[in-house]
There are 2 protein chains.
Amino acid sequence: MERRTQQERRETTERALLTATADLVVESGLASVTLAEVGRRAGYSRGIVTHHFGSKQALVEALVTASQAGFVPGLGEIEPGLDRVLALVERYLGAVSGIGSLNRAFLVLWAESVASPDLGPVFRERDALFRADIVADLDAGRDAGQVRDDVDPAVVAAIVVAELRGLALQYLVAPDSMDPAAVGRALRDHWRVALAAP
Amino acid sequence: MERRTQQERRETTERALLTATADLVVESGLASVTLAEVGRRAGYSRGIVTHHFGSKQALVEALVTASQAGFVPGLGEIEPGLDRVLALVERYLGAVSGIGSLNRAFLVLWAESVASPDLGPVFRERDALFRADIVADLDAGRDAGQVRDDVDPAVVAAIVVAELRGLALQYLVAPDSMDPAAVGRALRDHWRVALAAP
DNA sequence: ACTTACTTGTTCGCCGACACGCAAGTTAGC
DNA sequence: GCTAACTTGCGTGTCGGCGAACAAGTAAGT
């Protein structure tokens, strides 16, 4: 090991700890993750996590933050409207098969947050933002005459969020059971027909 | 407390323990449920769960089994085909707002099973059966000319399962955010348009 | 009386956290 | 440049708490 600066040492260690935590979360859930196992998996000792993060809670918060980076890049460049919703659906599911540890952990944490007093509020807020984005696009699309007048943006947003997360989880736990990209294209076409103004 | 038979005592206690466990699971997740708390919540002592079930694992298995009773009654009376899928969608979400502790616990356990080596296989098998039922209905509908030829039953089944579970969970964690019955009707109409043969 | 439901006392393993010691990296004085 | 003093990353010993499981006792039903 050549000479590294303190900052480099710290950063590589922290990355290793977060990805080790993410892997363990995906494998067996957050509750069963122990600090000792995280350290061991990352190639360090049992005490490393406490040293870096101080507490398990701090580790989890760092993981949640790090995992929040969405896995649909370049969506901000599309202007608001129907097309952006359709692109979201297609690209989200198109990207699912290639996501890394942190993004997989995000999906698992999202599922576990359902009954977790700690994680629950964080992920509920995030879902609310997710739905709000979709609602905004649908409203914009309706103003522009792209979207039918009789669709309820809030209802559609709730359904789309349920679909994307639900399908991603299904693929995560049983990759052989589906081709997410194909499902994504089908879903995109499906929504185009249902939403587009005649 | 008047005189009860041993069988009555045992049955009422077991029901109390299972519903107490279900409530605790919904509140804070399976991992954080302790046997002592289950006993206390059910109105007994710390040791009651061990006495009745022998181990925590046995308690969980009993809860999983008890929670499996689906909350869409009367679906077996509809003959296979498109109509049954549409009825499933509508009634599933129509029933969500009125389900009891055990069914709520089922949804939570389903979410937690994503990263649980113990629960995972059980719930994955159940989802596979759920999807297979929908596929069978769509195949029957296609044979009867009700369903378009260009729909992929496996894809649609995966999407429907994702929608139903995802929407039910969204309602479970944030009841004020949506009216599940209204969403159910919207989704039913949505699928009728998408699936029905021209 | 005997069995069965239930409670209470106790043990044992596990995990998070803290404290202290060592090693690797950094900086200042020469 | 070189090295000594300091800082920071990291390992190990240990403690305290918690929770599941077993054992032994008490009360309720047969």
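Chain A is the first sequence line, chain B the second, and so forth, proteins listed ahead of strands; every chain is numbered from 1.
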Trainee: Where the side chain of A/Tyr44 is defined as all heavy atoms beyond and including C-beta, which of D/dG11, C/dC6, D/dG9 is the nearest nucleotide?
Mentor: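 Looking only at side-chain atoms, A/Tyr44 lies closest to D/dG11.
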Trainee: Where the side chain of B/Leu35 is concerned, which of C/dT8, D/dG19, D/dA21 is the nearest nucleotide?
Mentor: D/dA21
Trainee: Could you state the CZ-P distance from B/Arg4 to D/dT30, rounded to the nearest angstrom?
Mentor: 11 Å
Trainee: Return the value, rounded to whole Å, for the distance between atom NE2 of B/His51 and atom P of D/dG25.
Mentor: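 Spelled out: NE2 on B/His51 to P on D/dG25 is 17 Å.
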Trainee: How close or far is atom C1' of D/dA28 from atom CD of B/Gln7, stated in whole angstroms?
Mentor: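 Whole-Å distance recorded here is 16 Å.
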Trainee: B/Leu59 CG to D/dA20 C1': how many Å, rounded?
Mentor: 12 Å
Trainee: Looking only at side chains, do B/Arg4 and B/Thr12 share a donor and an acceptor under 3.5 Å apart?
Mentor: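 The criterion, which ignores hydrogens and geometry beyond distance, is satisfied for B/Thr12 and B/Arg4.
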Trainee: Please determine, for the side chain of B/Arg9, which listed nucleotide (C/dC6, D/dA21, D/dG9) has the closest atom?
Mentor: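 Between C/dC6, D/dA21, D/dG9, the one nearest the side chain of B/Arg9 would be C/dC6.
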Trainee: If you find the nucleotide of DNA chain D closest to A/Arg10 and the one closest to B/Thr50, which residue's nucleotide is nearer the 5' end?
Mentor: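 The residue whose closest nucleotide sits nearer the 5' end is A/Arg10.
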Trainee: At 4.0 Å (heavy atoms only), tell me whether A/Arg46 reaches a base, stays on the sugar-phosphate, or touches nothing.
Mentor: base
Trainee: Closest to the B/Lys56 side chain: D/dG11, D/dA20, C/dA17?
Mentor: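 Shortest atom-to-atom distance from the side chain points to D/dA20.
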Trainee: Just how far, in rounded Å, is C1' of C/dC14 from CD of A/Glu37?
Mentor: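 Between C1' of C/dC14 and CD of A/Glu37: 13 Å.
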Trainee: Kindly say whether B/Ser113 contributes a backbone atom to a donor-acceptor pair with the side chain of B/Ser116 at under 3.5 angstrom?
Mentor: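 The answer is no, because no donor-acceptor pair under 3.5 Å joins these two groups.
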Trainee: Could you check A/Thr13 against B/Gly54 and say which one's nearest nucleotide on DNA chain D is further toward the 5' end?
Mentor: A/Thr13
Trainee: For C/dC6, does either OP1 or OP2 sit under 4.0 Å from a side-chain N or O belonging to B/His52?
Mentor: yes
Trainee: From the list C/dT7, C/dA17, D/dA20, which nucleotide is the closest neighbour of the side chain of A/Ser55?
Mentor: C/dA17
Trainee: Give one of base, sugar-phosphate or nothing for B/Val33, where a contact means two heavy atoms less than 4.0 Å apart.
Mentor: sugar-phosphate
Trainee: Using whole Å, report how far CD1 of B/Ile48 lies from P of D/dA27.
Mentor: 16 Å
Trainee: Within this structure, what is the CG-to-P distance between B/Leu30 and D/dG19, rounded to whole angstrom?
Mentor: 14 Å
Trainee: For the ring pair A/Phe130 and A/Phe123, is the centre-to-centre distance below 6.0 Å?
Mentor: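 Ring-ring flag for A/Phe130/A/Phe123: false, centres at least 6.0 Å apart.
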Trainee: Would you mind reading off the distance between B/Arg40 atom CZ and D/dA20 atom P, rounded to a whole angstrom?
Mentor: 14 Å
Trainee: Between A/Tyr44 and A/Thr13, do the side chains contain a donor N or O and an acceptor N or O under 3.5 Å apart?
Mentor: yes
Trainee: Can you see whether A/Trp191 engages A/Glu90 through a side-chain donor-acceptor pair at a distance of less than 3.5 angstrom?
Mentor: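 Result is no, nothing qualifies.
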